[in-house]
Every structure is written in C-alpha cells, then in structure tokens.
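Worksheet: the structure to be examined is printed underneath.
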Amino acid sequence: MKSRIPLILLACGSFNPITNMHMRLFELARDHLHQTGRYQVIEGIISPVNDGYGKKGLVSARHRVAMAKLALGTSDWIRVDPWESEQETWIETVKVLRHHYNESLRLLQSKKEFMKNKRPIERSAEDSLSYQYSVLPELKLLCGADFLQTFKTPNLWKEEHITEVVEKFGLVCVSRAGSDPAQHIKESELLSKFQHNIFLVKEWIQNEISATQIRYALCRGLSVKYLIPDSVIAYITHHNIYTEESERKNEGDLLQPLKLHSSRVNPLND
Ligand SMILES: O=P(O)(O)OP(=O)(O)OP(=O)(O)OC[C@H]1O[C@@H](n2cnc3c(O)ncnc32)[C@H](O)[C@@H]1O
Ligand SMILES: NC(=O)c1ccc[n+]([C@@H]2O[C@H](COP(=O)(O)O)[C@@H](O)[C@H]2O)c1
Ligand SMILES: [Mg+2]
C-alpha cells in the first residue's frame, strides 16, 4: 500500500437531485482504481453546478447542495463541495479541477508545516501511518459515459480544456446505457493520445437511473423510493422542490451550449 498514489475523485454535474447512482459511480471507480494496484483513493468530491448553468429544470444550488449533503451522510469518504455553486456565474469544469487541485496543494503544504513543528518521534509514527497523506494526491474527473460524449458537442468544450483534463488530471468514466466511451475515444485523436489517463469502468449491474426521470416521476406523484435516499425524498417533500413549475425553469434555453461560451463574463482566467 505504501507506494500507491493517493487520488481524489471529483464529479461535476447538476445533481438535480442526487441519485443512488451518482454515489455508486464513486464506489465503482474506487474499486476499479484500487484493482489497478497503483492508486489509493483518499477522497471523493461532488461539485453541484452553478445555477448560471441554466439547464432546464435546474433547481437552486442551495437545495441541490443540501440534498447531496443529506445523501452523503452515509459515506465516510465522499463529500459535497459548494465552491463551484457559490461562484458568481457558471464556470468551466477545468477551472473547478484547478481549484480543487490547488486546494489539495494548500492542504499538503499546511500538513507539512504541521509535521515540521512536531517532535521527531511523533513525526516518524505519523509518517508511516499516513504516507498517502504526505504526498500530493492526483485529482481525476469522475463522470458517466454520456458526459464524455459531450466533448464532441460543437461549442460546448474548448479543445485546450479537454486537453488539460485528460493530460494534466485524468478521467474516470463509468459506463452508461446508450453511450460507448471506448468507441468515442477511438474516434478522437486527442482522447486516443491520452488514453493512458482515461480509466473506463464497467458497471456490470446495469440500471438506468437518471435524475431527469426521477424529477418526472416526482412531478407525477410517483414513488422514487430506493432510487434516491429516503433523507433526500423527505427533503424534496418538505420543500416541494420538483413541480411542473420547477421543470419549466430555463425552458426554451435551446442555445445553452453556445451561450455558455459566448455571453458570459467569466471572473476566472482561462
Ligand atoms: O438527467 P440529468 O439531469 O442529466 O441527470 P443525470 O442522471 O445525468 O445526472 P447528472 O447530469 O447530474 O450527472 C452527474 C454525473 O453522473 C453521471 N451519471 C449520472 N447517472 C448515471 C448513471 O446511471 N450511470 C452512469 N453515470 C451516471 C453523469 O454522466 C455525470 O457524469
Ligand atoms: N466547457 C465546459 O467546461 C463544460 C461544458 C458543458 C458542461 N460542463 C459541465 O459538465 C457537467 C454537465 O452536467 P449535466 O450532465 O447535468 O448537464 C456540469 O458540471 C457542467 O458544468 C462543462
Ligand atoms: Mg446528465
């Protein structure tokens, strides 16, 4: 275990609402990465997208973050991080990765400072116990196969951002009905070039849980029990979050992909 590379998994998306499958993505990815024998997954982060993303039916990030927090109450390694949702506007995914990478750098630095101030005997005991916390972890973007497919949507992603994602960080992509990530990689020169940094994870117990279908069921008063956690169902009922009205939010925003890149003043550098 000592020489394994510590790794943080970051998933970006709407999480509108968080589903059991979102959390399963992390469990599947962690098993897969551990099976490579090279990595030790130390943390999972869910980053709900900013309200400015403007997707149809996207309810307020305040609710999406609260639901994710409730759902993750049963996990001892995955957490929700509101940073992305708290920015002034929608920001590109690579900037979210950069932020979390810098955060892990900062954390490592402060741990090193802390260790420096300890007595040598304490230091050596803690060092051997927590090797994985004393080197800089890698950060990889965790997604479903449909997410990978969006790379080829015109005007949605900048090529240099895709390059940075697969070259500097890396991708862990879980299979999803209707998408063929291996084929998609084969067809893309860029993705093929960095194939060594793209991990394809197969979900053998196939299911088609989708947040959109969950919202539709909720709007029709149908049960979603066992698809999302009970705590999240209780929150949705209490706040009456998913209604026909919430589904109409951002309706008609057909140019959303183009809008993301054309009309925004982005506070962060490219
Ligand atoms: O219908 P929408 O609102 O798009 O919701 P969704 O279920 O696709 O959920 P998100 O867009 O919030 O997804 C966040 C990430 O989780 C992945 N994901 C969600 N459900 C999945 C499933 O059933 N199998 C594999 N990946 C999934 C998806 O590809 C994204 O990378
Ligand atoms: N250029 C980009 O960085 C870019 C473009 C489109 C979507 N995304 C991200 O992908 C995720 C997509 O989420 P949905 O599947 O819920 O639409 C969101 O986190 C969004 O911010 C990033
Ligand atoms: Mg989706």
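Reckoned from all heavy atoms, side chains included, excluding hydrogens, waters and symmetry mates. Along the sequence shown, residues are numbered consecutively beginning with 1. Atoms within each ligand, like the ligands themselves, are counted from 1 in listed order. From a predicted model like this one, the values you see are computed outputs, not experimental measurements.
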Short N-O contact, R62 and D51, less than 4.0 angstrom: no
I'd like the name of whichever of V94, T93, L97 reaches closest to atom 9 (C) of ligand 2 through any heavy atom. T93
What protein heavy atom lies closest to atom 4 (O) of ligand 1? Include the residue and the distance to one decimal. K55 NZ, 3.0 Å
List ligand 1 atoms under 4.0 Å from S175, heavy atoms only on the residue side. 24 (N), 25 (C)
Whether K168 engages the ring of Y101 as a cation-pi pair (distance to the six-membered ring centre under 6.0 angstrom, angle to the ring normal within 45°) should be assessed. yes
Taking distance alone, with no angle check, do K158 and ligand 2 share an N/O pair under 3.5 Å? no
Any salt bridge between R248 and E245, counting N to O under 4.0 Å? no
I need the single residue from L7, V41, I42 that forms a side chain to side chain contact (heavy atoms under 4.5 Å, CB included) with P137. Which is it? I42
Looking only at heavy atoms, is any part of Q213 under 4.0 Å from ligand 1, and if so is it the side chain, the backbone, or both, or is it neither? neither
Return yes when R24 approaches ligand 1 closer than 4.0 angstrom through a heavy atom, no otherwise. no
Any side-chain donor paired with an acceptor under 3.5 Å for S47 and W83? no
What do you reckon, does F15 have a nitrogen or oxygen under 3.5 Å from a nitrogen or oxygen of ligand 1? yes
Any idea which protein heavy atom is nearest atom 1 (O) of ligand 1, and the distance to it? T212 OG1, 2.3 Å
Out of V172, I46, V174, which residue meets the side chain to side chain contact (heavy atoms under 4.5 Å, CB included) rule with F26? I46
Non-hydrogen atoms of A177 versus ligand 1: any pair closer than 4.0 Å? no
I want to know if ligand 2 touches W90 in the polar sense, i.e. an N/O pair below 3.5 angstrom. yes
Out of all atoms in ligand 1, which are within 4.0 Å of some heavy atom of S14? Include the element for each. 12 (O)
Which bit of A11 is near ligand 1, meaning a heavy atom under 4.0 Å away: side chain, backbone, both or neither? neither
Purely on distance, is any nitrogen or oxygen of D146 under 3.5 Å from one on ligand 1? yes
E244 atom CD, neighbour heavy-atom count above 12 within 6.0 Å: no
Residue set satisfying side chain to side chain donor-acceptor pair (under 3.5 Å) with R106, at least two apart, ordered chain then number -> E103
Close-contact set for ligand 1 against C143 heavy atoms, below 4.0 Å: 31 (O)
Going by the closest heavy atom to atom 26 (N) of ligand 1, which one wins out of L142, I18, L25? L25
Please confirm whether N16 comes within less than 3.5 Å of ligand 1 when only nitrogen or oxygen atoms on both sides are compared. no
Any salt bridge between R98 and E164, counting N to O under 4.0 Å? yes
Around atom 18 (N) of ligand 1, find the nearest protein heavy atom and jot down its residue, atom name and distance. R176 NH1, 3.5 Å
Determine, for K152 against E187, whether the closest basic-nitrogen to carboxylate-oxygen distance falls under 4.0 angstrom. yes
Heavy atom under 4.0 Å from ligand 2: found in H161's side chain, backbone, both, or neither? neither
Can a donor-acceptor pair be found between the side chains of Y242 and N16 at a distance below 3.5 Å? yes
State whether the number of non-hydrogen atoms from other residues, nucleotides or ligands found under 6.0 Å of K193 atom NZ is greater than 12. no
Go through the structure and list residues passing ring pair (Phe, Tyr, Trp, His ring centres under 6.0 Å) with F15, not counting sequence neighbours. H22
If we number the atoms of ligand 1 from 1 as shown, the ones under 4.0 Å from a heavy atom of R215 are 3 (O)
Atoms of ligand 1 under 4.0 Å from any heavy atom of M21, numbered from 1 in the order shown, are 21 (C), 22 (C), 23 (O), 24 (N)
For atom 7 (O) of ligand 1, closest protein heavy-atom neighbour: A211 N, 2.8 Å
For atom 30 (C) of ligand 1, what is the closest protein heavy atom, and at what distance to 0.1 Å? G144 N, 3.9 Å
W77 with L107, same ILVMFWY side-chain cluster at under 4.5 Å: no
Spacing of E203 atom CD and S175 atom OG [to the nearest 0.5 Å]: 6.5 Å
For ligand 2, which atoms have a heavy atom of K55 less than 4.0 angstrom away? 14 (P), 15 (O), 16 (O), 17 (O)
With a heavy-atom distance limit of 4.0 Å, tell me whether H22 approaches ligand 1 through its side chain, its backbone, both, or neither. side chain
Grouping I, L, V, M, F, W and Y whenever their side-chain heavy atoms are under 4.5 Å apart, do Y216 and L227 come out in a common cluster? no
Check whether any side-chain heavy atom of F147 sits under 4.5 Å from a side-chain heavy atom of L141, and report yes or no. yes
With a cut-off of 4.0 Å, which atoms of ligand 2 are near a heavy atom of Y53? 7 (C), 12 (C), 13 (O), 14 (P), 17 (O), 20 (C)
Backbone or side chain, does any N or O of G13 fall under 3.5 Å from an N or O of ligand 1? no
With a heavy-atom distance limit of 4.0 Å, tell me whether V49 approaches ligand 2 through its side chain, its backbone, both, or neither. side chain
Check each heavy atom of T19 against ligand 1 and say whether those closer than 4.0 Å belong to the side chain, the backbone, both or neither. neither
Should W157 be counted as touching ligand 2, given the test is an N or O pair under 3.5 Å? no
